Amino acid sequence: MIYDCAIIGGGPAGLNAALVLGRARRSVALFDNNRPRNAVTHASHGFITRDGVTPAEFRRVAYEEVLRYPSVDHLQTEVVTVSKIDSGFEMIDSSGVVTRARKLILATGVKEIFPEIEGLHPLYGKSLFNCPYCDGWELRDQPLVIVSEHSSVFHTAKMLHNWSKDLIVCTNGQVSLSDEQKKRLLSKGIDVIEKPIAAFIGKDGQLEHVRFADGTQIPRAGGFVAPKFVQSAPFGERLGCERTELGGIKTDHSGRTSIPGLYSAGDASYFMPSQLIFAAADGSRTAMGVNMDLTEEDFE
Ligand SMILES: Cc1cc2nc3c(=O)[nH]c(=O)nc-3n(C[C@H](O)[C@H](O)[C@H](O)COP(=O)(O)OP(=O)(O)OC[C@H]3O[C@@H](n4cnc5c(N)ncnc54)[C@H](O)[C@@H]3O)c2cc1C
């Protein structure tokens with residue numbers, strides 16, 4: 001059997017693509033190894049009708065809806081190899097099972113690379129986050145730290161000033177702000193600390209202090225840490241897809257990559273803004289691109 005379309009990744013992008021293709025009566029192999037990036041957090045925000053839902057509940061409802069369509073198969077496994085074949089694409093999973101499909105959507109998302117700071121991981125998704133739109137409201141008016149080694153921290157600090165006036169910027173040993181920018185931040189009461197950070201100190205997910213390499217520390221109740229985003233799966237690169245400047249898989253407005261028959265949707269394509277509703281919309285749009293291309297081929 002050859003599926004009309006395989007989708008690697010069952011996050012909001014892959015799930016919404018599967019929903020649209022299932023409703024379009026296409027046979028779909030939806031692969032997912034069940035490692036959602038946002039699983040560390042207690043609640044997802046900003047998705048209308050789903051604001052405040054847990055990531056697990058979001059996925060439960062989504063799978064329930066998608067699997068109502070009998071032409072969608074949910075393959076709960078990890079894809080390890082993808083090859084281009086004459087009829088489309090061949091996927092091999094971690095048990096060696098081979099699946100073929102005419103079209104393939106990569107919806108594998110991204111992963112974060114954080115500065116190596118002790119104590120970060122137990123607090124991430126609980127009182128330390130990376131996205132103000134996702135969790136800024138929950139941290140409003142609290143004493144916050146913004147940790148970033150990049151020059152974009154100036155913009156982040158300006159934006160976060162609307163969520164809390166009690167901000168401290170830490171560059172973790174980097175000199176990423178100009179004197180003029182530091183002066184402007186200071187004029188709003190935002191200190192910039194350029195010393196390397198040794199550790200985040202906290203308990204039960206709650207940040208209490210930021211400790212610096214020189215032994216000093218400051219009390220903080222939460223904050224935002226800027227990661228570097230990279231692809232979570234190697235398939236786009238291995239298949240030779242063109243990339244965007246940020247490192248996303250380059251697509252047209254219907255999700256087509258530079259490789260014929262290969263599509264990409266969600267965080268994997270655009271990296272930013274990393275949002276559930278953008279990913280779901282992108283999955284929907286890409287599924288329509290796939291269906292359009294299948295229709296053109298089949299109608300001929
Ligand atoms: C801590 C945190 C909090 C967040 N909070 C919010 C929020 O409040 N609101 C919001 O809008 N956004 C939030 N986000 C961002 C949001 O989670 C992402 O933008 C969204 O999940 C991207 O969807 P996606 O489908 O592109 O990728 P993902 O959701 O990352 O899904 C990718 C899927 O692909 C699967 N996969 C990867 N490789 C393989 C493989 N080889 N084989 C099989 N399956 C594979 C993974 O298991 C995963 O299920 C948050 C993110 C984090 C990290």
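Indexing begins at 1, ligand by ligand and atom by atom, following the structure's order. In what follows, every heavy atom counts, from backbone to side chain, and hydrogens, waters and symmetry copies are set aside. Here the structure is a predicted model, which is why all the values come from computation and not from measurement.
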Contact between [X] and ligand 1, counting heavy atoms under 4.0 Å?
| X | result |
| --- | --- |
| R59 | yes |
| F235 | yes |
| V80 | no |
| Y124 | yes |
| S44 | yes |

Query - NZ/NE/NH1/NH2 to OD/OE distance under 4.0 Å, K111 and D267 - result: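 No, this pair does not count.
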For [atom], the protein heavy atom that lies nearest, with its residue and separation:
| atom | result |
| --- | --- |
| atom 36 (N) of ligand 1 | N33 OD1, 3.4 Å |
| atom 15 (C) of ligand 1 | S274 O, 3.5 Å |
| atom 13 (C) of ligand 1 | C134 SG, 3.3 Å |

Do any N/O atoms on [X] end up under 3.5 angstrom from N/O atoms on ligand 1?
| X | value |
| --- | --- |
| T41 | no |
| N130 | no |
| I8 | no |

Query raised in the report: Near G266, which atoms of ligand 1 are under 4.0 Å from a heavy atom of that residue?
Result: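 So the answer, numbered in order with elements, is 26 (O).
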Query raised in the report: Hey, what else clusters with V28 if you join Ile, Leu, Val, Met, Phe, Trp, Tyr whenever side-chain heavy atoms sit under 4.5 Å?
Result: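 V28 clusters with I7, L15, L19, L21, L30, Y63, V66, L67, Y69, V72, I105, Y263, V290, L294.
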**Report entry** Option whose closest heavy atom lies nearest to atom 29 (O) of ligand 1, chosen from P36, G9, P12, A280
**Finding:**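 The residue whose heavy atom sits nearest atom 29 (O) of ligand 1 is P12.
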Query raised in the report: Taking heavy atoms and a distance under 4.0 Å, where does T77 meet ligand 1: side chain, backbone, both or neither?
Result: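 Backbone only.
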